[in-house]
Amino acid sequence: MPIGDFVSIRDFSPQQIEALLDLACHVKADPRSYRSTLAGQTLAMIFEKPSLRTRVTFDVGIHQLGGFALYLSPAEINLGKRESVYDVAHNLERMVQAVMIRTFAHALVEEFAGYAGIPVINGLTDFSHPCQALADYLTMFEVKGRVRGLKVAFIGDGNNVAHSLMFAGAQLGAHVLVATPPDFEPKAEAVAWARERAAQTGGSCGITHDPREAAGAADVIYTDTWTSMGQEQEAEQRRRVFQPYQVNASLFAEAQPDAIFMHCLPAHRGEEVTTEVMDSHRSVVFAQAENRLHAQKAIMLQVMEAGGEVGRKFAGRAEALTRAR
Ligand code: CP
Ligand code: NVA
C-alpha cells in the first residue's frame, strides 16, 4: 500500500484486502473526514456495458471525496476499435487522474493498465468484478460480524461475480462453495488460485452441482443472473438449465436459521431468485448495493490519493476484520 491499480482481488495480499475493508468502514462511518481528499481529481469511467450501481456509486463516490467523474459511453470510446487501447491510455493519462473500465475481455483492462501511467480500476469484465466482491465482504462483515470462517454459498452461474467472490473469500479466510449446473462451473484456473490462497488463510473453495449441498448450513446464500451481459442469445437455454438452481424459500430453508441472502443486482425476480426471498427480512441486497459506494471510495482513496497518506495509514493498522468478534 498504496496500491497502483485495482484490476483483480488476486493482485493483493490478504492484509491489503483487509486494509481496504477497514478503510471502507471508516469512510462509511465518517464520510466528512474524507470530503476533500481527492479535490481537483478526475476519474474517467469507460462503460462498454450498461450499469446502474457501478456508474452511480463511482460518480457519487468521487464527488463526495471532492473530485469529479466523467462518463464515457460505449459509443464515445469504442476501445480498441475506433482507437487502439494504447492510444486511448496515453491520451487519458494526460487528462485525468484515474480510469475505471467496464468491458467484456478482462485482457483489455490488463492491457490498458499496462500502458497507462495512471491507476486503472476494473468496473467488471467477463472474468471478474472485484469492486463488487469488496462491497460483498464489507456487507457480510457488517451483518455477521466476521468474515473468517463464514460459509458462503454461491448458487447459479460460475461467472465473473462468482470468481471475485471466490478470490476475496480465499483472501479473507471464508469457506466459499459454488453450485452450478454441469458445464457452467467457474474457470478451473480461478478455482485453483482460490484453493491455493484459501489453504494459506484457513478458508476453502468448493465446487458442486448440487444446490442443496451448497445451501446446507450456509451463513450466506448468494446468487446472480443466469445470463450475464453479452450472453443474451443464450438466455432461453440458460433459463431451462438453471431452473433447479433458483434461490427460493425451499432452498433458502437449507441454510442456517440466521443466513442472509445476497445478490449483486440487477436481479431477475422469478428466475434466479423468487420475490419472496429477495424481499424477505433476511435479504441484504440493498445494503450490499449501498456498500458499493463506500467500498469504491476506499479503492479510489487507495489508488488516487496524492501522497498516499490515507493508504499508508490503513496499510499499517488494518483491524482484523476477518477475526470473529
Ligand atoms: N452490481 C453491479 O455491478 O450493478 P450494475 O451492473 O448496475 O453496475
Ligand atoms: N454477472 C453479471 C453481473 C452484473 C453486475 C453480468 O456480468 O452481467
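Atoms within a ligand are numbered from 1 in the order they appear, just like the ligands themselves.
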Please collect all salt bridge (charged side-chain N to carboxylate O under 4.0 Å, His left out) contacts where either partner lies in residues 78-105, sequence neighbours excluded, each pair once.
none
Is there a polar contact between ligand 1 and [X], counting only N or O atoms under 3.5 Å apart?
{"X": "P266", "answer": "no"}
{"X": "R55", "answer": "no"}
{"X": "C264", "answer": "yes"}

Of all heavy-atom pairs linking T125 and N160, the shortest is O-ND2, 3.0 Å
Measure R292 to ligand 1 on non-hydrogen atoms and call it side chain, backbone, both or neither using the 4.0 Å cut-off.
side chain
Counting heavy atoms only, which part of L124 comes closer than 4.0 Å to ligand 1: side chain, backbone, both or neither?
neither
Which of these, S51, S228, P50, has its nearest heavy atom closest to atom 8 (O) of ligand 1?
S51
Looking only at non-hydrogen atoms, which of R102, M229, Q132, H263 approaches atom 6 (O) of ligand 1 most closely?
R102
ring-ring contact (aromatic ring centres under 6.0 Å, His included) contacts in which one or both residues fall within residues 215-247, not counting sequence neighbours
F154-Y222, F184-F242, W226-F242
Quick test of your reading: applying ring-ring contact (aromatic ring centres under 6.0 Å, His included), list the pairs with at least one residue in residues 33-55, sequence neighbours left out, ordered by first then second residue.
F47-Y71
What residue and atom, counting heavy atoms only, is the protein's closest point to atom 4 (O) of ligand 1, and at what distance?
R53 NE, 2.8 Å
Give every pair made of an N or O atom of ligand 2 and a protein N or O atom lying under 3.5 Å apart, one pair per line with both atom names and the distance to 0.1 Å, or write 'none'.
from	atom 1	to	atom 2	distance (Å)
ligand 2	1 (N)	N159	ND2	3.3
ligand 2	1 (N)	N160	OD1	2.9
ligand 2	1 (N)	D224	OD2	2.6
ligand 2	1 (N)	S228	OG	2.7
ligand 2	7 (O)	N160	ND2	2.8
ligand 2	7 (O)	S228	OG	3.4
ligand 2	8 (O)	M229	N	2.8

Taking the side chain from Q256 and the backbone from A217, do they hold a donor-acceptor pair closer than 3.5 Å?
yes
Are Y86 and F112 near enough that their ring centres are under 6.0 Å apart?
no
Can you label the angle between the F252 ring and the F261 ring as parallel, tilted or perpendicular, going by 30° and 60°?
perpendicular
Using a 4.0 Å cut-off to any heavy atom of H129, which atoms of ligand 1 qualify?
2 (C), 3 (O)
Presence of salt bridge, D126 and K49, under 4.0 angstrom:
yes
